Amino acid sequence: MEFSEHIKTANVENVVLTRPFHPPMKGTLCLTGHHLLLSGRDGDSSTQLLLLLRNIDAIEKRNAGSSGTITLKCKDLCVLQLDIPGMEECLNIARSIEALSSLETVTEMYPFFYRPPRLSLQDQWGLSSPEQDFAHIEALTDRWRLSQAAKFRQGGRFPVLSYYHRENGKVIMRSSQPLTGANRKRCKEDELLLQAVIDGSELGYIIDTRSTQLAQQARMTGGGFESKSNYIAWKRLHRNLERGKVLQESLIKLAEACSDQSHSMDRWLSKLENSKWLSHVNSVLSTAGLLAECVEREGCSVLVHGSDGTDTTLLLTTLAQLILEPHCRTLSGFLALLEREWVQAGHPFQQRCAHSAYSHARLRQEAPAFLLLLDCVWQLGRQFPLALEFGEPLLLQLARDAYASDFGTFLCNSDKERCALGVKENTHCLLQFLCRPSERDRLTNPLYQATELAIWPSVQPQALQLWTGLFFRWTQSAQCLDKAREEICNLVTQNQGCNSFPGGQRLVMLSGWLRRGCRSRARWYYLPARVLSWSPRQISRWNKQDTTDPAPLERPRVLITGGLGQLGVGLAQLLRKQYGTDNVILSDIKKPPADVFNSGPFVYADVLDYKNLRELVVNNRITWLVHYSALLSAVGEANVALARKINITGLHNVLDLALENCLRLFVPSTIGAFGPSSPRDPAPDLCVQRPRTIYGVSKVHGELMGEYLHHKYGLDFRCLRYPGIISADTQPGGGTTDYAVQIFHDALSSGQFECYLRADTRLPMMHIDDCHRATVEFMQAPDCQLSLRTYNIAAMSFTPEEVAEEIRKHLPNLRVTYNPDFVRQTIADSWPMRFDDSNAQRDWGWRSLYSLSELVVDMLGSIREQRTKSGLPVS
Ligand SMILES: NC(=O)c1ccc[n+]([C@@H]2O[C@H](COP(=O)([O-])OP(=O)(O)OC[C@H]3O[C@@H](n4cnc5c(N)ncnc54)[C@H](O)[C@@H]3O)[C@@H](O)[C@H]2O)c1
Ligand SMILES: C[C@@H](O)[C@H](N)C(=O)O
């Protein structure tokens with residue numbers, strides 16, 4: 001049938017178009033085989049609407065007198081209204097649109113007629129070549145075996161390589177379900193194929209995207225799963241991801257909720273929840289995270305499948321690669337990934353995208369799996385604003401083109417069908433087109449900064465948000481999105497012209513400003529809401545630029561590791577006063593004393609147990625991490641291996657966690673980070689650091705790692721070098737400066753003290769209250785005030801003799817003897833005598849409050865009080 005046979009009325013004058021964000025437009029409507037064209041005048045200028053008929057999902061007609069109204073509900077969620085004079089014309093137009101928008105014959109579709117000026121059909125289809133990409137990998141190419149395995153898998157989809165982890169050599173494979181059926185059939189070739197992937201000693205995972213129950217039910221219809229007995233080295237994990245009708249209905253409900261602006265808040269929230277769309281996003285991202293974790297963290301190969309291997313399977317393999325593989329986060333890498341994992345892998349686009357959210361037609365095989373993927377990618381981009389080279393415009397274009405396109409990429413249900421119908425010879429490839437230099441500017445993320453690290457998505461409830469750019473695109477103006485993008489581009493350009501920061505740091509700072517809204521310097525950096533994709537709640541908070549009180553939403557959620565040592569409990573007390581008891585969690589591997597346990601949240605956490613730490617951070621929505629666990633100088637020297645483990649391995653765990661979860665991380669360093677070749681009186685922030693203890697070496701390592709990750713990836717790392725800390729309520733944990741606490745206890749109990757350091761050993765010291773105040777003030781300091789990431793802080797400096805002399809002003813009978821311990825004396829002799837903390841004073845206003853005499857008064861008073869309360873004698 002010719003197109004013209006569908007068109008009874010080709011032109012109608014005086015049609016009025018009403019569409020979002022435009023005044024009504026009157027003009028001439030013209031219908032062609034693939035388009036609806038409306039030309040009219042808007043004031044002095046002529047305007048046009050050109051609508052691809054395939055984009056129309058549903059048509060609603062209404063007659064009123066001699067004219068009619070047609071409402072066109074599009075697959076990209078836009079809704080248009082046409083008021084057409086003449087009832088017959090209106091009916092003819094509606095009938096034509098109905099017929100032409102649902103053409104079934106692929107070769108009649110618009111991509112077969114689309115011939116833009118600068119594109120040639122000779123341009124190659126195909127961005128990715130799996131043969132080349134994986135050429136270095138030994139492949140199993142025994143055709144007979146493969147054909148046998150293919151017969152055993154639904155649709156012939158035997159396990160194929162999807163991703164190869166270059167560092168650990170592990171792989172992600174995808175397939176369809178095995179056809180074991182009710183008789184539990186097996187296939188030796190399939191088993192051998194999987195066995196060939198892992199050598200005998202290893203374990204592999206199979207992630208089945210169906211629940212155990214669904215997988216078992218599948219046996220009744222000839223499908224099934226890999227049994228433990230036949231696939232010995234493979235461990236099956238079932239994760240129930242929704243598909244098909246359930247997903248389609250979820251999209252329909254969401255679109256319905258979003259299109260009605262009259263909802264009250266309660267109704268909107270309940271409709272949003274009812275749609276379950278964000279739950280699907282959550283399940284997919286969590287399972288993709290699990291898949292990536294199996295490969296990267298557990299070092300295991302994984303096979304992914306559900307039933308057909310063409311929907312949920314592809315969602316997971318695509319997202320896991322985005323999480324793990326930096327190249328997939330570039331524009332061309334991402335498009336190649338889509339081509340490999342969706343177009344070539346056989347996602348049935350034509351069936352899945354036949355209708356979108358508005359159609360009244362009976363559902364057949366529609367399901368928005370690809371849209372769900374784009375939403376998950378958008379969530380990743382929102383959580384890691386620097387990590388993806390492409391931005392939201394690309395995702396929006398892909399979302400639209402998957403349903404209706406000028407290009408042939410998403411036609412048909414498999415590559416085989418595309419080849420049979422000559423799609424590649426007779427249509428243009430969208431993915432290829434999007435890679436052209438002319439498109440790059442529009443599609444790239446101006447903030448992009450490549451990172452080699454995996455980008456682990458957060459799936460905390462607050463971390464996932466509705467993709468307003470897609471779902472509210474036609475009900476809320478997107479103008480601010482374009483303006484914001486333009487503004488970001490300008491900022492980036494301006495920043496590139498500014499020579500005061502090294503290249504990478506400029507962007508990191510910019511992104512830091514953008515994300516945190518630094519108040520002191522960056523007023524003009526406040527950008528329209530959509531730029532940063534913040535939730536409206538956050539936006540209104542940042543708009544209150546003039547308030548100085550931290551709004552409740554700004555309250556950090558703090559986790560303190562090693563919190564039962566000398567410093568943790570007091571810091572928790574101070575933080576709890578400011579941010580609320582429940583917002584500060586103490587943790588350690590020791591059992592807490594009753595008073596500590598009863599004073600606020602406490603959990604067990606071993607810094608060597610990464611998974612447990614991660615769980616704590618995720619489950620408790622931690623935003624600040626104070627890392628206090630360590631073995632101190634003297635204890636560390638007595639147990640070097642353990643010190644290395646706790647101080648270095650533990651630190652790496654914490655750094656990884658902080659990066660993944662965008663935490664503000666505080667790691668204390670020490671006077672022990674200096675050595676005999678450092679300037680000693682005073683030691684500045686930046687100088688030679690060659691410590692001679694494992695404690696010092698691990699602390700320098702911590703300073704450098706934190707600073708490196710800050711400069712490279714924007715980690716909000718903060719470090720203070722503490723002097724020896726003096727406290728009355730808590731005992732020091734085995735350091736070189738411990739004598740300066742013990743002397744007060746002994747002075748009050750026996751009046752005698754034996755010091756393990758020489759009388760003239762001068763070291764920097766500080767009252768614990770000053771130490772805690774410095775830590776909190778430093779953590780609260782705006783990013784833009786910090787010119788360094790590691791600062792010295794100082795208060796006083798004394799020798800054992802000087803402190804004894806000061807105590808004698810209150811306890812004249814104190815007798816001190818000196819019996820230097822070789823190890824601790826050597827350590828102390830290698831440390832600075834005084835600290836220069838002028839940078840901390842200048843940058844964030846640090847000042848100590850306690851002098852030596854005030855410290856002595858306070859220590860003696862507090863310890864005396866403790867002893868009296870406990871009924872102990874006081875000398
Ligand atoms: N106290 C000082 O004078 C001083 C001076 C400079 C720097 N610092 C630094 O401040 C931090 C806190 O010091 P502190 O004096 O409270 O130390 P501390 O030795 O008193 O306490 C350390 C805590 O870490 C815990 N811990 C040990 N192994 C652990 C593990 N595997 N997982 C979790 N926790 C573990 C211990 O149980 C202990 O409670 C340390 O990093 C230290 O290097 C302290
Ligand atoms: C100085 C500090 O790091 C700790 N008190 C120690 O002596 O080890």
Side-chain angles (χ1 to χ4, degrees), residues 559-572 586-593 596 602-610 612-613 616 625-639 642-654 665-674 683 691 693-703 719-727 729-742 756-757 761 763-768 770-772 774-775 790 792-795 797 821 823-828 830-832 835:
L559 176 69
I560 303 177
T561 69
L564 295 185
Q566 186 188 3
L567 305 187
V569 175
L571 181 71
L586 267 177
S587 72
D588 207 305
I589 50 173
K590 300 191 290 206
K591 188 172 159 192
V596 174
F602 174 85
V603 290
Y604 168 89
D606 181 346
V607 289
L608 298 174
D609 182 349
Y610 179 84
N612 176 240
L613 274 186
L616 281 176
L625 205 158
V626 176
H627 180 51
Y628 268 172
S629 322
L631 284 203
L632 271 57
S633 58
V635 183
E637 281 316 280
N639 198 340
L642 185 64
R644 202 182 67 176
K645 232 170 140 183
I646 294 174
N647 297 9
I648 298 182
T649 310
L651 170 88
H652 279 268
N653 284 340
V654 164
L665 173 63
F666 179 79
V667 178
S669 185
T670 159
I671 47 175
F674 297 90
T693 57
I694 184 66
Y695 177 59
V697 168
S698 65
K699 289 291 180 181
V700 177
H701 179 77
E703 293 176 17
C719 171
L720 292 180
R721 293 195 191 108
Y722 293 156
I725 306 300
I726 299 168
S727 56
D729 298 338
T730 47
Q731 287 297 323
T736 304
T737 57
D738 295 10
Y739 88 86
V741 173
Q742 196 55 40
Y756 54 75
L757 293 182
T761 311
L763 290 170
M765 300 283 184
M766 180 179 277
H767 188 283
I768 191 165
D770 271 343
C771 169
H772 289 149
T775 307
T790 303
N792 294 344
I793 48 166
S797 183
D821 166 70
V823 175
R824 284 184 279 193
Q825 187 63 55
T826 313
I827 294 175
S830 72
W831 286 359
F835 251 170

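Remember, predicted model here, so these are calculated numbers, not experimental data. Read the numbers this way: they start at 1 and go in the same order the structure lists the ligands and their atoms.
- Protein residues having at least one heavy atom under 4.0 Å from any atom of ligand 2 are L632, S633, T670, I671, Y695, G735, T736, T737, W831, listed by chain and number.
- Side-chain contact of H652 with H701: a donor-acceptor pair under 3.5 Å is present, judged by distance alone.
- Between the side chains of S587 and T561, no donor N or O sits under 3.5 Å from an acceptor N or O.
- Using modelled atom types, one finds a donor on one side chain and an acceptor on the other under 3.5 Å when comparing S727 with Q566.
- In this structure, the separation between CZ on R824 and CG on D821 is 4.5 Å, given to the nearest 0.5 Å.
- Between the side chains of T736 and Y756, no donor-acceptor pair is found at a separation under 3.5 Å.
- When heavy-atom distances to ligand 1 are checked against 4.0 Å, the residues falling inside are G562, L564, G565, Q566, L567, D588, I589, K590, A605, D606, V607, Y628, S629, A630, L632, I646, P668, S669, T670, Y695, K699, Y722, P723, G724, I725, G733, ordered by chain and number.
- In plain terms, the two heavy atoms of I793 and P723 that are nearest each other are O-CG, 3.3 Å.
- Relative orientation of the Y695 and W831 rings is tilted, given thresholds of 30° and 60° on the angle between their planes.
- Using bins of under 30°, 30° to 60° and over 60° for the plane-to-plane angle, the ring pair Y722/F666 lands in the tilted bin.
- For E703 and T790, the side-chain atoms include no donor-acceptor pair closer than 3.5 Å.
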